Amino acid sequence: MELLYKSTRGGRTATASEAILKGLSEDGGLFVPERIPALDKTFRELGQMSYAETAYEVMKLFLADFTEEELKSCIAGAYDEKFDTDVIAPLVEAEGVWFLELFHGKTIAFKDMALSILPYLMITAAKKNHVEKEIVILTATSGDTGKAAMAGFADVPGTRIIVFYPKNGVSPIQERQMLTQKGDNVLVVGIHGNFDDAQTGVKRMFSDRALEEELARAGYQFSSANSINIGRLVPQIVYYVYAYCRLLAEGRIGDGEKINVTVPTGNFGNILAAYYAKLMGLPIGKLICASNENRVLFDFFSTGEYDKNREFILTSSPSMDILISSNLERLIYRVSGDDPVKTAQLMQALSEKGSYEITEEMRERLSDFCGGYAQEAECFEKIRSLYEDTGYVIDTHTAVAAAVYDRYREETGDETPAVIASTASPFKFVRSVMTAIDPAYGGADWDDFSLVDELSRIANVPVPAAVEELRNAPVLHDTECEKNGMESVVKRFLGMGD
C-alpha cells in the first residue's frame, strides 16, 4: 500500500516526491507520513548490510513512489567517496558509551548525512512530477545546514539555493565554510538577527501565497533543505537503524536488547528521526533530548509548556542556539492523536503569544522522551575530562549530549547500553574545543588554523579536508540584510527586481 503524506495542520495528502518538492505544506504545516511503516528485515539481516544497503531498506518504506532504481541511484550518488570513512557513520566506544560519528561528510557535521542525498531526491522528484520551474532552495541555518545544503546543491541544474544565517551567531569555521562556497546558483546572506529570526523569515516566505504566484510567473518555485523537509528527515532515520544493527552484528548487544539514544537537540529533527526509528520497531528505550543553556526543550519536557519568551543565549554550541524547534510540531501532532486542528491551534498560539501548553493526556504520550540540559562549564569539563581519560576529542554539541547523558545515568541508575549522536567534528568548533582542553589555547597567540593543527597533533587524527581547503579559499559572499529585508534579497538574486 502506497504511503502518503499529510500536513500536521490538515490539507490534502501528497506523495513522498510531492512532499519533498514542496518542503512545507500550503497551510504552513509539516508533512508527516500517514502511518509509520515497520521494518521488514530482521536486525540480524540488516547487520550484514552496508550503510547504503541499510539506507535503501529504510527509505524504500517511506519513499513509496520512488522506484527501486531511482532510490538506489540517489543513495549511490550520496554515500560515496565524499565521506572520509567507508562505513559512513562509525561507532566509537569511550567511557562505556558509543559515540555515533555523523560528521565524516563534506562539511564535517551530521547534516551531511541527509543533505548528501536530498539534491538527488529533489531532482528525481522534480522529474517524476514533471516540474518545469526552476527550484529555489530557501534555507535558514544555525551554522551547519547551510553549508551542507550548498555543498549538495551547488551547480545542480534546475536549482538555486539561498541560505540565511545569523551574522554573529555561528563559529568562525562555520562562517568561513559558507562564505567561500562556490557555485553560480548559490547565495549566502548574513542577517542581523538570530537563527529564529532567519527561520521565521523563511517560513513567512513559504506561506506567502502572493509571493508564490509572483515566483511562478517568473518561472520559480520554492522548496526547503531545512529539516522541515521530509526528504531531510527520512535519511536521518537510517543511521539509528544502522548503529543498532552494527552493535548487534559486533556482539555488543543482544538481539532485541534495548539501547538509549542521546541527541544534542536544537530544531528537533535529529531526535525525531530516532523516535521514528523506534516507531518502526527499533528497540530504543529512552530518547534523551539534550539542550544547551537555551533550554526551551528541557522546560517543555519538564512542564508541558513550550515558551520561547526568554533570553536568547549565544553559546559554544551555536547549532543548538534555537528557541523555536520547528520539528517539534511533528511530535505535537502525534501526541495530539494526529489532530490537525489541535496542532494548528498550538502553533498559532506559539506564533501569536510565543508559547503554548499541551494537555495532560498529550504529556503522558511523551514518556519515550527525557529532557536534560548542560551549562557551558559542564560541556567544557566534559570535553577536557574525556580527552584526558581516553584521548578522544568531541565537539561542543556532542559534549552537551555527553554531559546530559552522564547526569541522566547518575540520577536514574539506568545502565541500558547507550548511543550518543556525535553531530560535528571537533575541528569545526576548534577554538572552543581547544580552550576546553587547556585554557592556554584561548590566547591571542593561537589563530584558528594553528589550533586546527594542534588539535590534529594532540588527538592524533588528520585535519579533515573540509577544514584544510579553507586555509586559502577566497571569500565569495558578502551579502547582509536586516531580518525584515530577506524577501528583497531573494527577489534581487532571482532577477525579479523589488
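Worth saying up front: this structure is predicted, and the values here are computed from it rather than measured. All values below were derived from every heavy atom in this structure, side-chain atoms included, with hydrogens, water molecules and symmetry-related copies excluded.
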Worksheet item: Side chains of K147 and Q181: do they bring a donor and an acceptor to under 3.5 Å?
Response: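 Yes, side-chain donor-acceptor contact under 3.5 Å.
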Worksheet entry | Partners passing ring pair (Phe, Tyr, Trp, His ring centres under 6.0 Å) against Y120 (at least two apart in sequence or in another chain) |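 Y120 satisfies ring pair (Phe, Tyr, Trp, His ring centres under 6.0 Å) with no residue once adjacent residues are dropped.
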Discussion item. Are F195 and V170 packed together at the side-chain level, in the sense that at least one heavy-atom pair is separated by less than 4.5 angstrom?
Written reply: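 The answer is no, as the side chains (C-beta and beyond) never meet within the 4.5 Å cut-off.
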Worksheet item: Do F103 and P464 have side-chain heavy atoms sitting under 4.5 Å apart?
Response: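 No, too far: nothing below the 4.5 Å cut-off.
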Worksheet item: When the aromatic ring centroids of F298 and Y373 are compared, is their separation below 6.0 Å?
Response: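 When the ring centroids of F298 and Y373 are compared, they turn out to be within the sub-6.0 Å range.
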Practice prompt. Would you please indicate if the ring centroids of Y240 and Y276 are separated by under 6.0 Å?
Written response: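 For Y240 and Y276, the ring centres are not under 6.0 Å apart.
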Could you tell me whether [X] and [Y] make a salt bridge, using a distance below 4.0 angstrom between a side-chain N and a carboxylate O?
| X | Y | result |
| --- | --- | --- |
| K128 | D65 | no |
| D406 | K382 | yes |
| K258 | D414 | no |
| E454 | R457 | yes |
| K82 | D112 | no |

Fill in: side-chain contact (heavy atoms from CB on, under 4.5 Å) against I313, all qualifying residues, sequence neighbours excluded
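In terms of side-chain contact (heavy atoms from CB on, under 4.5 Å), with neighbours along the sequence ignored, I313 is linked to E293, N294, E311, T315.
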Worksheet entry | Qualifying residues under side-chain contact (heavy atoms from CB on, under 4.5 Å), relative to A76, sequence neighbours excluded |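 For A76 there are no side-chain contact (heavy atoms from CB on, under 4.5 Å) partners, ignoring immediate neighbours.
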Discussion item. Pair F99, Y392 - check ring-ring contact (aromatic ring centres under 6.0 Å, His included), show working.
Written reply: CA-CA 10 Å; F99 289 86; Y392 187 57; 5.4 Å; yes
